[in-house]
S.K.: 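The structure is given below, and queries will be raised subsequently.
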Amino acid sequence: MIYVNPITGNDANPGTAAAPLKTINRALKTPPPTSIQLAPGTYSDASGEIFPLVVPSGVKLLGLEASKGYGILISGGGMLTLSGLGTQNVALLLEDKAELRGVTVTTRTGVAVIVSPQSGASPTLANNTFANSLGGVVVSGSAKPIISDNTFTDISGNAIVYSGNAKGEIRRNLCQRSNTGINIAGEAAPLITDNRFTQNRTGIMLAGFARPVFRNNWIENNSQIGLNVTENAIPELGNSAEAGGNIFRNNSQYDLQNTATATVVTVENQLNQSRVQGAVEFKVTDLTEAKISPTKSTIGTADLTDIPGHWAADFIAGLVNQALISGFPDKTFKPDNPLTRVQYAAIIAKAFNENLTRTAINFSDVPDNFWGKDAIIKAYRMGFITGFPDNTFRPNQNLTRVQALVSLASGLRLTGGTLSDLGFFADRAQIPSYATDEIAAAIQNQILINYPRTNQIEPQRDITRAEASAFIYQALVARNKLSPIDSPYIIKTGAVLPALGQLLDIKGHWAESFITRLYNQGIIGGFQDGTFKPDATMTRAAYAALIVKAFNLTAKRPAATFQDLSPNFWGYSAIQQAYQALILSGFPDNTFRPNENLQRLQVILSLVSGLGLSGGSLNLISKYVDNKSIPDYGKNAVATATQNRLIVNYPTINRLEPTRAATRAEVAVMVYQALVNAGKLEAIDFPYIVSA
């Protein structure tokens, strides 16, 4: 193992853990095969790297897989000429059997990674982040890489490109906010399974004689077309013996467009025929196991007497009709009663047949003759449930909502989602840190349902039988086993608060009009008790979450590593987005201080810097009687904010109080004014807006 540290290393060192090298370049010159362990930091021209970095056959370039390369940034590019690809600006070239794991790669003017087009090259790219680049990963020739569990985000061109006769596997990747998620041409025929293509311009583009195989992918929320098939390409979307299992939905123009010469055959994919253009034939498999497909309740008062009219009636009916859950002998379902852990295990064991990935375990409180033992063991072996450290299962303990969500996300190996989505919930502070990724994935897969208030997740509350039924039903929808039910209580990624009317404590408040309009736009939220707390202070993390909702931010610098900010923190994603957009910065000691109160001057600085505002003479700061309390570094920003009518001073219009902690009302009003300045909201006539 060779160790590299761009901060403390020296290329004259031997490359040990105690005396690391400084550059990847130097490490690559050691006799292969070897493994190269990268420490957190930025590897760039400035740190001495010479691009492109060529990773030879058998060499492993390792970062931190658990965080998908968070804090380990390779940034740069160099010109490279390759057969069939011409001259490319590229950060890394991976040769046969090379491995790239747990790093972040960015190159704004080129391609992050090119897989060597040499005959049969089969490198591995796993658990990396490819961001803010012209291109993500390029595969050509007869290469057959394994590309698994990576995140591709904000790629201005194609996140993944396949050409030539390339094959290999593309598994469990997230491709988002790029021009094209994956572009396949030539005669390339990779296996593409369990990936998510979302919020791109086009999810998947096929051309030439491409013959890719698609299984269990999600293609949704792309701004133009989900899957675009052209020329002589033919995607394999299932066959007579195997369902495709792909989910197409919410793509703006078409979920599937076929302008190719051949008809596209789709076999048991979730695909609405009204969202298809071109020659597409819908088929079913020849499998003997019937597909579960009920969508509406057939239960009447003669069956389960307490279900009709209940908000979860259709979800419950769908499971009851498949004998996955049942009522009680008195013909009731008791939808609002709690559910025990063993009752939940019994439903899971009936509803799912996932791979048994664990060895059976004997829990000390589950005897051999216990009625639910077999169900507990099956649910445990599939990965849905676990026991406690004292080797107990506690079968009669009530299940909580967060336990159910973590269970389904873990058992179904769900991925995707962003932690910024958690900012939607007024009670997000109650979400345990261990559950944030799973809940984000549950939202991405539309498993979470909140009734009656969608912005309250109530993670620690005991789950009801109705809620558990709804969660499990949605999980079966995610597995393409049940047809979707239209419910306003399903939480979707990027959800915004509904206009719920007047917040309880802003009536008559000086900022009432501003807060109400932001609240009804879903830009700002209230608390679980229906209040807004306008005169309470706002933390830096809460401000980041607000800014991400309010503005369409563009990254202007790479992500940062803050000592006091974990990727599991609820506001991590929002903070990184705000940081990359120059809205917020950290402190000299490499901390972010997410729970520290935000100062009024910090709000002004962030809006002026992040939104690129300009104008305003320094003479404008004389408007404020306390202008001597404005630090020198903030005077230009205050002048610019004044010129752009961002500053609102209540109750004294000429008193700025720059270093005082900003209240939630003050932050809301200044953000509102910034949105007015950007032409996104109508101006409000208010006498305390400072004018130039």
Side-chain angles (χ1 to χ4, degrees), residues 65-68 70 127 149 151 172 174 196 338-341 344-345 347-348 352 354 357-358 379-380 382-389 393-394 397-451 453-464 467-472 474-475 478 489-495 525 527-528 541-542 544-545 564-576 594-595:
E65 289 194 70
S67 66
K68 296 189 186 295
Y70 167 71
N127 292 300
D149 302 288
T151 295
R172 298 182 301 276
L174 170 64
R196 184 175 298 276
L339 190 76
T340 66
R341 286 168 54 82
Y344 174 76
I347 303 171
I348 290 295
F352 300 100
E354 301 296 311
T357 58
R358 295 172 174 166
Y380 172 83
M382 288 191 293
F384 284 96
I385 57 175
T386 59
F388 293 88
F393 181 75
R394 306 177 194 176
Q397 185 178 92
N398 288 342
L399 189 77
T400 65
R401 282 170 55 85
V402 69
Q403 288 171 346
L405 291 170
V406 170
S407 162
L408 292 168
S410 300
L412 298 178
R413 282 87 173 159
L414 300 181
T415 60
T418 61
L419 295 184
S420 62
D421 283 331
L422 305 189
F424 169 68
F425 304 113
D427 55 348
R428 57 184 174 270
Q430 298 177 24
I431 300 173
S433 59
Y434 69 81
T436 54
D437 286 340
E438 286 80 2
I439 291 178
I443 294 170
Q444 183 72 46
N445 290 273
Q446 299 190 15
I447 288 174
L448 175 59
I449 295 179
N450 292 340
Y451 174 89
R453 297 188 66 179
T454 56
N455 70 318
Q456 291 185 9
I457 188 171
E458 299 181 276
Q460 306 291 3
R461 177 173 58 76
D462 289 348
I463 196 168
T464 66
E467 290 169 334
S469 299
F471 286 7
I472 291 169
Q474 288 300 103
Y489 305 109
I490 298 171
I491 307 302
K492 300 177 181 180
T493 185
F527 291 90
Q528 187 173 356
D564 59 346
L565 192 64
S566 164
N568 292 327
F569 181 68
W570 72 265
Y572 172 82
S573 178
I575 289 170
Q576 286 292 356
N595 297 315

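Residue numbers start at 1 and run along the sequence shown.
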S.K.: May I ask you to test the Asp149-Lys68 pair for a side-chain heavy-atom distance under 4.5 Å?
M.R.: yes
S.K.: For Phe471 and Leu405, work out which heavy atoms get closest and say how close.
M.R.: CE2-CD2, 3.7 Å
S.K.: Return the CE to CZ distance between Met382 and Phe352, rounded to the nearest 0.5 Å.
M.R.: 8.0 Å
S.K.: With heavy-atom distances below 4.5 Å as the criterion, would you say the side chains of Glu467 and Leu399 are in contact?
M.R.: no
S.K.: Can you confirm whether Tyr572 sits close enough to Tyr70 that some side-chain heavy atom of one is under 4.5 Å from a side-chain heavy atom of the other?
M.R.: yes
S.K.: Find the distance between CD1 (Ile463) and CG (Leu339) and round it off to the nearest 0.5 Å.
M.R.: 7.0 Å
S.K.: Rounded to the nearest 0.5 Å, what's the gap from CZ on Arg413 to CZ on Arg172? Could you check?
M.R.: 10.0 Å
S.K.: Before giving the answer on side-chain contact (heavy atoms from CB on, under 4.5 Å), spell out for Leu422 and Ile443 the whole-Å C-alpha distance, their side-chain angles and the decisive distance to 0.1 Å.
M.R.: CA-CA 9 Å; Leu422 305 189; Ile443 294 170; 3.9 Å; yes
S.K.: Starting at CG of Leu414, measure out to CD1 of Ile439 and round the result to the nearest 0.5 Å.
M.R.: 12.5 Å
S.K.: Any side-chain heavy atom of Ile491 within less than 4.5 Å of one from Gln474?
M.R.: no
S.K.: Give me the atom names and distance for the closest heavy-atom approach of Ala478 to Asn445.
M.R.: CB-O, 4.2 Å
S.K.: Should Arg401 and Leu448 be marked as a side-chain contact (heavy atoms from CB on, under 4.5 Å) after you check the CA-CA gap, both sets of side-chain angles, and the distance that decides it?
M.R.: CA-CA 9 Å; Arg401 282 170 55 85; Leu448 175 59; 3.8 Å; yes
S.K.: Could you state the interatomic distance from CD1 (Ile348) to CZ (Arg341), rounded to the nearest 0.5 Å?
M.R.: 12.0 Å
S.K.: Please step through side-chain contact (heavy atoms from CB on, under 4.5 Å) for the pair Glu354 and Leu412, ending with a clear verdict.
M.R.: CA-CA 8 Å; Glu354 301 296 311; Leu412 298 178; 3.7 Å; yes
S.K.: Are side-chain heavy atoms of Gln460 and Pro432 found at a separation under 4.5 Å?
M.R.: yes
S.K.: Before giving the answer on side-chain contact (heavy atoms from CB on, under 4.5 Å), spell out for Tyr451 and Thr464 the whole-Å C-alpha distance, their side-chain angles and the decisive distance to 0.1 Å.
M.R.: CA-CA 11 Å; Tyr451 174 89; Thr464 66; over 6 Å; no
S.K.: To the nearest 0.5 Å, tell me how far Arg196 CZ sits from Leu174 CG.
M.R.: 7.5 Å
S.K.: Which pair of non-hydrogen atoms, one from Ala404 and one from Tyr344, has the smallest distance, and what is that distance?
M.R.: O-OH, 3.8 Å
S.K.: Does some side-chain heavy atom of Pro459 sit less than 4.5 Å from a side-chain heavy atom of Thr400?
M.R.: no
